[in-house]
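Numbers restart at 1 for each chain; the letters A, B, ... are given by sequence-line order, proteins then strands.
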There are 2 protein chains.
Amino acid sequence: MSRGEFLGDFEQLILLAVLRLDREAYGLGIQQELSARAGREASIGAIYTTLDRLEQKQLVRSELGESTAERGGRAKRIFTVTPAGKAALRQSIGATRAMADGLKGLGLA
Amino acid sequence: MSRGEFLGDFEQLILLAVLRLDREAYGLGIQQELSARAGREASIGAIYTTLDRLEQKQLVRSELGESTAERGGRAKRIFTVTPAGKAALRQSIGATRAMADGLKGLGLA
DNA sequence: TGACATGTTCTATTTTGTAGAACAAATTGG
DNA sequence: CCAATTTGTTCTACAAAATAGAACATGTCA
């Protein structure tokens, strides 16, 4: 009943954001990246729930960073994508790409 | 609480399959296309449920075709993607692409 | 130390994804 | 013409993913 190796759409976006932010991926930063690049406005709750789920599936790992010297700059939980996470991403993106490839009249050439 | 214009991953694949099959898109055909191109094995029930939801959202339309002269060849319910469906697809695929673009070390160049 | 800023967790709900049996309609052989 | 077979769709039920927002925690600074 599971979808096997395939990721949900939001899971894909989160994983991509974490990869993009490379070593500086944490909740709020991911939220901003998603908004800025993908135009997807997600609540902070939605993001953490998904990150937790991805960690359960061992597609990301997290570790506590250090607090910065900014006002309110408490320690961040930094996320990284595991090899399994990359593989899952490849498969999911590959599947969509295979379906989209060569399709015309959609303007996504 | 709605995700606005964004589609779920399976919805995306279904819409792409319908576009691909162009005028010949119906339940079983979509199932085969998904399996062959995307490597995604979905039950026929999963496919129809999703098609029904997409129709509710007016992202696809369906009409009853004619029965063919094959053994058991009863009338097919033929699906087409509406302009709104194409727009939603563009947006969803565009968002993922924007996030994936320029990412290295993932082998999906 | 209390006001404020940054960051994460918790709780609850809606939407999507999933399967498979039941049902419907067509063909064909006897 | 009707039983068996084939193609196709609908129905029912449940699991997983997406979503939000308040509550909570921790840090700075005046």
Does a side-chain N or O of [X] approach OP1 or OP2 of [N] to a distance below 4.0 Å, or not?
X: B/R77; N: D/dT10; value: yes
X: B/R3; N: D/dT19; value: yes
X: A/K76; N: D/dA25; value: no
X: A/R71; N: C/dG7; value: no

Could you check A/D52 against B/T50 and say which one's nearest nucleotide on DNA chain C is further toward the 5' end?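 Looking at DNA chain C, the more 5' nearest nucleotide goes with A/D52.
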Map A/G27 and A/F6 onto DNA chain C by nearest heavy atom, then report which one ends up closer to the 5' terminus.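 First, find each residue's nearest nucleotide; the 5'-ward one identifies A/G27.
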Taking atom [atom2] of [N] as reference, at what distance in whole Å does atom [atom1] of [X] sit?
X: B/I44; N: C/dA19; atom1: CD1; atom2: P; answer: 11 Å
X: B/E5; N: C/dT15; atom1: CD; atom2: P; answer: 15 Å
X: A/Q56; N: D/dA17; atom1: CD; atom2: P; answer: 11 Å
X: A/L51; N: C/dC10; atom1: CG; atom2: P; answer: 15 Å
X: B/L28; N: C/dA25; atom1: CG; atom2: C1'; answer: 14 Å
X: B/L7; N: D/dA17; atom1: CG; atom2: C1'; answer: 15 Å
X: A/L13; N: D/dA17; atom1: CG; atom2: P; answer: 15 Å
X: A/I47; N: C/dC10; atom1: CD1; atom2: C1'; answer: 16 Å

Check: A/M99 main-chain N/O paired with B/R20 side-chain donor or acceptor under 3.5 Å: yes
What distance do A/L19 atom CG and A/L89 atom CG have between them, rounded to the nearest 0.5 Å? 6.0 Å
Look at the side chain of A/R53 against the base of D/dA16 and say whether a donor-acceptor pair falls under 3.5 Å; ignore hydrogens and angles.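 Absent.
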Tell me if the side-chain of A/R74 makes a donor-acceptor pair with the base of C/dG7, cut-off 3.5 Å, by modelled atom types.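 Under the 3.5 Å cut-off, the side chain and the base do form a donor-acceptor pair.
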Return yes when atom CZ of A/R90 has more than 12 non-hydrogen atoms of other residues, nucleotides or ligands closer than 6.0 Å, and no otherwise.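 Atom CZ in A/R90 is crowded, with more than 12 foreign heavy atoms closer than 6.0 Å.
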Would you kindly check if the NZ (Lys) or CZ (Arg) of A/R40 is within the cone defined by 45 degrees around the ring axis of B/F6 and under 6.0 Å from the six-membered ring centre?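 The answer is yes; both the distance and angle limits are met.
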Quick one: on DNA chain D, does A/A69 or A/S43 contact a more 5' nucleotide (nearest heavy atom)?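 The answer here is A/S43.
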Checking all strands, does B/G8 fall into the base, sugar-phosphate, or nothing category for heavy-atom contacts under 4.0 angstrom? sugar-phosphate
Heavy atoms only, 4.0 Å cut-off, all strands: where does B/D9 land among base, sugar-phosphate and nothing? sugar-phosphate
Taking side chain as C-beta onward, heavy atoms only, is A/L54 less than 4.5 Å from A/V81? no
